[in-house]
Novice: 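Please find one structure pasted underneath; my questions will follow.
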Amino acid sequence: MKRRLLFSYLTITVLVLVLLEIPLGVQFARSERRRLESGVQHDAFALALRSEEALEDSITNAERKELKALANEYERDHGGRVIFVDHQGSLIADSNPPDLGKPPTTDPRDFSGRPEIASALSGRDVTGDRYSDTLGTDLLYVAVPIATGGELHGAVRITFPLSFVNDRITDNWLVLVAVAGVVLLVVSLVSIVLARSVTRPLARLEHGAEALGRGQLDRRVDVPDGPSELRTLARSFNTTAARLEQLVGAQQSFVADASHQLRTPLAALRLRLENLATEITTAGRDDLTSAIEEVGRLSLLVDGLLALARAEDHGGTPEPIDVRHVVEGRAEAWAALAEERDVRIAVSVDGERALGTPGRLEQVLDNLLNNALEVAPAGSSIDLVVQRQADEVAIRVCDAGPGMTEDERARAFDRFWRVDQGASGFGLGLAIVRQLVVADGGTVALATAAAGGLEVHITLPAA
Ligand SMILES: Nc1ncnc2c1ncn2[C@@H]1O[C@H](COP(=O)(O)OP(=O)(O)OP(=O)(O)O)[C@@H](O)[C@H]1O
Ligand SMILES: [Mg+2]
């Protein structure tokens, strides 16, 4: 999210910079060229004006020197090369005669062949650029005729290497690139701050929602900064969490209260029925015994419902529990009943600490051992195996009973479901087991054990 925000800010900035700076650079290049051209044109006309007198009639040596001085002065002050030619195109003065390495093939003093000189000598002033073979660079030239009263006396030409302008244009591009770099840097910094102001409260909301999902219904999020939409979202989150906490609390206390309130009258009813036993005739005694048994079953059902309601209670925080201690403790508690049925409970523990709410694993094992002992044939054994697997602790309870078919396994965790509807249980045990394990962030699954019976496979997060 942060990267995406950053990316979009930077894309927009780059787009704006390109749209602004490229026309700016192109415009600068054009006007720089134009500025140089018109400056040089102006200078050329001024030089033509100043040299008119010297060229008017046949030129003296003093006048040659004068023109040479004029040309030199210009080159010194402005950097452009100046030449004066007479009306035939022969050189009179040159501010910077090129140093020709090899002997020239043509007369170095004859400029009439140069196209710009030819135009100037035909009476037209010209401006343009061309490649110079002698200098090996592009040149900007301005050539102007020197004439008085309609009579042509010669021409003056000023040349500048184009690199002169191009260097300035390149410098300008570099400045623009540097500005773009600074702008991008500033925009990146600002957008990182902006993106953080959005993503940080979002991360807080996410953690809050996760905690709520884990069952911490009292969790609220605190979003004092950030965009107003996020603050509103945080407030709605908090209201929802509060409402949820209230509803779940109300439901849990209803089930708990109802079960609890039922227990007292049930106990009283049982007592009264038992007191009746002495006063009743032998004919009614069987009915009375059945009635007392029914009340007993009803009490057990209420206890089961109460246990289920408590299992759904997400209260309590998981903490490291000593799985070995719990498993060995429960095996010992059920040992007497197992012995009575000639069943052995075998414990094998490897990997000891899991995360769970104290007391829950005990209830889980009680339910599973109770079920296993119901079905375990005499002489068989019930295996309790604990193993550490990566970041979780696996607990398996295996028996040698009849096991379950795949369809039965799929329904086994439903409330009030039993394989044999006539059996004595209520079908709440496995539902309670699943609630308890899931509430602690674990998993529970059923499979067929090696001995053919049922294998209950539980995992809890390792501590
Ligand atoms: N180890 C097992 N082997 C074969 N069948 C089993 C085993 N454990 C449970 N079952 C079947 O699954 C049904 C549901 O079990 P569950 O523990 O939920 O309820 P229950 O034992 O019948 O009653 P409760 O546990 O509420 O007293 C049982 O009635 C039984 O038919
Ligand atoms: Mg059971």
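Below, all heavy atoms of this structure are taken into account, side chains as well, without hydrogens, waters or symmetry copies.
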Novice: Determine the sole option in Asp366, Leu436, Ile321, Asp322 for which the side chain to side chain contact (heavy atoms under 4.5 Å, CB included) test with Leu361 is passed.
Specialist: Ile321
Novice: Does Arg341 reach the main-chain N or O of Leu373 with its side chain, forming a donor-acceptor pair under 3.5 Å?
Specialist: yes
Novice: Is a side-chain donor or acceptor of Asp399 paired with a backbone partner of Gly453 at a separation under 3.5 angstrom?
Specialist: no
Novice: Could you work out, with salt bridge (Lys or Arg N to Asp or Glu O under 4.0 Å) as the rule, every residue matching Arg263, not counting sequence neighbours?
Specialist: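 Asp303.
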Novice: Do Ile395 and Val385 have side-chain heavy atoms sitting under 4.5 Å apart?
Specialist: no
Novice: Report yes if the side chains of Tyr141 and Thr127 come closer than 4.5 Å at any heavy-atom pair, otherwise no.
Specialist: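 Not touching, per the 4.5 Å side-chain cut-off.
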Novice: For atom CD of Glu406, decide whether the heavy atoms of other residues, nucleotides or ligands shown that lie under 6.0 angstrom number more than 12.
Specialist: no
Novice: Determine whether a donor-acceptor pair (N or O, by modelled atom type, separation under 3.5 Å) exists between the side chain of Ser380 and the backbone of Ala376.
Specialist: no
Novice: Assess the side chains of Tyr74 and Asp43: does a donor N or O sit below 3.5 Å from an acceptor N or O?
Specialist: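 Tyr74 vs Asp43: donor-acceptor pair found between side chains.
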Novice: Apply side-chain contact (heavy atoms from CB on, under 4.5 Å) to residues His457 and Leu446 and explain how you reach the verdict.
Specialist: CA-CA 6 Å; His457 190 103; Leu446 300 178; over 6 Å; no
Novice: Looking at Glu75 and Arg81, is any side-chain nitrogen of the basic one under 4.0 Å from a carboxylate oxygen of the acidic one?
Specialist: no
Novice: Are the side chains of Leu355 and Pro320 in touch, meaning some heavy atoms are under 4.5 Å apart?
Specialist: yes
Novice: Closest heavy-atom contact between Ala439 and Arg360?
Specialist: CB-NH1, 3.5 Å
Novice: Tell me if a side-chain donor or acceptor on Glu339 pairs with a main-chain N or O of Ala336 at a distance below 3.5 Å.
Specialist: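 Checked: no pair found.
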Novice: Would you sort out whether Leu162 and Leu139 count as a side-chain contact (heavy atoms from CB on, under 4.5 Å), showing the intermediate values?
Specialist: CA-CA 5 Å; Leu162 262 185; Leu139 288 177; over 6 Å; no
Novice: May I have the step-by-step check of salt bridge (Lys or Arg N to Asp or Glu O under 4.0 Å) for Arg220 and Glu245, ending in yes or no?
Specialist: CA-CA 11 Å; Arg220 301 288 179 270; Glu245 187 182 19; 2.8 Å; yes
Novice: For the residue pair Asn172 and Gly25, what are the closest heavy atoms and their distance?
Specialist: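 Taking every non-hydrogen atom into account, ND2-CA, 4.1 Å.
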Novice: Establish, from distance only, whether the side-chain atoms of Thr448 and Arg409 form a donor-acceptor pair under 3.5 Å.
Specialist: yes
Novice: Could you go step by step and tell me if Val198 and Leu230 meet the side-chain contact (heavy atoms from CB on, under 4.5 Å) rule?
Specialist: CA-CA 8 Å; Val198 175; Leu230 278 181; 4.2 Å; yes
Novice: Determine whether more than 12 heavy atoms belonging to other residues, nucleotides or ligands lie under 6.0 Å from atom CZ of Arg30.
Specialist: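 Not buried by this count: 12 neighbours or fewer within 6.0 Å.
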Novice: Can you tell me if Arg344 uses its side chain to pair, donor with acceptor, with the backbone of Gly379 under 3.5 Å?
Specialist: no
Novice: With a sphere of 6.0 Å drawn around CD of Glu408, does it hold more than 12 non-hydrogen atoms of other residues, nucleotides or ligands?
Specialist: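 More than 12 within 6.0 Å, yes.
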Novice: Nearest 0.5 angstrom please: Thr199 OG1 to Arg4 CZ, how far?
Specialist: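 Thr199 atom OG1 to Arg4 atom CZ measures 13.0 Å (nearest 0.5 Å).
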Novice: Mind checking whether Leu184 and Leu10 have side chains closer than 4.5 Å, heavy atoms only?
Specialist: yes
Novice: Tell me whether His325 at atom NE2 has more than 12 heavy atoms from other residues, nucleotides or ligands lying less than 6.0 Å away.
Specialist: no
Novice: To the nearest 0.5 Å, what is the distance between CG on Leu305 and CD1 on Ile432?
Specialist: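 These two atoms lie 8.0 Å from each other.
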Novice: To the nearest 0.5 Å, how far apart are OG in Ser95 and CG in Asn72?
Specialist: 6.0 Å
Novice: Can a salt bridge be assigned to the pair Arg324 and Glu328 using a cut-off of 4.0 Å between side-chain N and carboxylate O?
Specialist: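 Salt bridge between Arg324 and Glu328, a charged N being under 4.0 Å from a carboxylate O: yes.
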Novice: For Phe413, which residues count as a ring pair (Phe, Tyr, Trp, His ring centres under 6.0 Å) partner, sequence neighbours excluded?
Specialist: none
Novice: One thing to verify: whether Arg411 and Asp414 come together as a salt bridge, which I'm taking to mean a side-chain N less than 4.0 angstrom from a carboxylate O.
Specialist: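 Result for this pair is yes, salt bridge flagged.
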Novice: Please identify each residue that fulfils salt bridge (Lys or Arg N to Asp or Glu O under 4.0 Å) with Arg219, with sequence neighbours left out.
Specialist: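 With neighbours one apart ignored, the set is empty.
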Novice: At their closest point, which heavy atom of Leu306 faces which heavy atom of Ser259, and how far apart are they?
Specialist: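 In terms of heavy atoms, the two residues are closest at CD1-CB, 3.4 Å.
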Novice: Indicate yes or no: does Arg124 engage Glu116 in a salt bridge with an N to O separation below 4.0 Å.
Specialist: no
Novice: For Arg396 and Val456, indicate whether the former's side chain and the latter's backbone hold a donor-acceptor pair under 3.5 Å.
Specialist: no
Novice: Mind checking the CG-CD spacing from Leu271 to Glu274? Nearest 0.5 Å is all I need.
Specialist: 6.5 Å
Novice: Can you confirm whether Ile382 sits close enough to Trp334 that some side-chain heavy atom of one is under 4.5 Å from a side-chain heavy atom of the other?
Specialist: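 The answer is no; the side chains never approach within 4.5 Å.
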Novice: Nearest 0.5 Å, please: how far is CG in Asp129 from CG in Leu140?
Specialist: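 The CG atom of Asp129 is 6.5 Å from CG of Leu140, to the nearest 0.5 Å.
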Novice: For Thr357, is there any backbone N or O sitting under 3.5 Å from a side-chain donor or acceptor partner on Asp440?
Specialist: yes
Novice: State, with a plain yes or no, whether a side-chain heavy atom of Ser290 is found less than 4.5 Å away from one of Leu288.
Specialist: no
Novice: Kindly give the heavy-atom pair with the smallest separation between Asn367 and Gly429, and that separation in Å.
Specialist: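 Result for this residue pair: OD1-CA, 3.4 Å.
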Novice: Locate the shortest heavy-atom distance separating Val349 from Val347; write the atom from each residue and the value.
Specialist: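 For Val349 and Val347, the tightest heavy-atom pair comes out as CG2-CG1, 3.6 Å.
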Novice: Examine distances only and state if a side-chain atom of Arg157 and a backbone atom of Val82 form a donor-acceptor pair shorter than 3.5 Å.
Specialist: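 No, because the side chain of Arg157 does not come within donor-acceptor range (under 3.5 Å) of the backbone of Val82.
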Novice: Less than 4.5 Å apart, side chain to side chain, heavy atoms only: is that true for Leu368 and Ile458?
Specialist: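 Yes, their side chains come closer than 4.5 Å.
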Novice: Please tell me if the side chains of His260 and Val302 come closer than 4.5 Å, counting only heavy atoms from C-beta onward.
Specialist: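 Heavy-atom side-chain distance check fails, nothing below 4.5 Å.
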Novice: Of all the heavy-atom pairs spanning Pro402 and Val375, show the shortest one and how long it is.
Specialist: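 What the structure gives for the nearest pair is CD-CB, 3.6 Å.
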Novice: May I ask you to decide if Ala390's main-chain N or O and Arg388's side chain share a donor-acceptor pair within less than 3.5 Å?
Specialist: yes
Novice: Mark yes or no for whether Arg353, through its side chain, and Ala463, through its backbone, hold a donor-acceptor pair below 3.5 Å.
Specialist: no
Novice: Tell me which one of Arg33, Arg35, Arg34 satisfies side-chain hydrogen bond (donor to acceptor under 3.5 Å, both in side chains) with Glu37.
Specialist: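 Output: one option passes, namely Arg33.
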Novice: Supply the atom-to-atom distance Leu298 CG to Leu269 CG, rounded to the nearest 0.5 angstrom.
Specialist: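 One gets 8.5 Å once the value is rounded to the nearest 0.5 Å.
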Novice: Apply side-chain contact (heavy atoms from CB on, under 4.5 Å) to residues Asp171 and Val175 and explain how you reach the verdict.
Specialist: CA-CA 6 Å; Asp171 285 352; Val175 168; 5.6 Å; no
Novice: Can you confirm whether Phe416 is buried at CZ, in the sense that more than 12 heavy atoms of other residues, nucleotides or ligands lie under 6.0 Å from that atom?
Specialist: yes
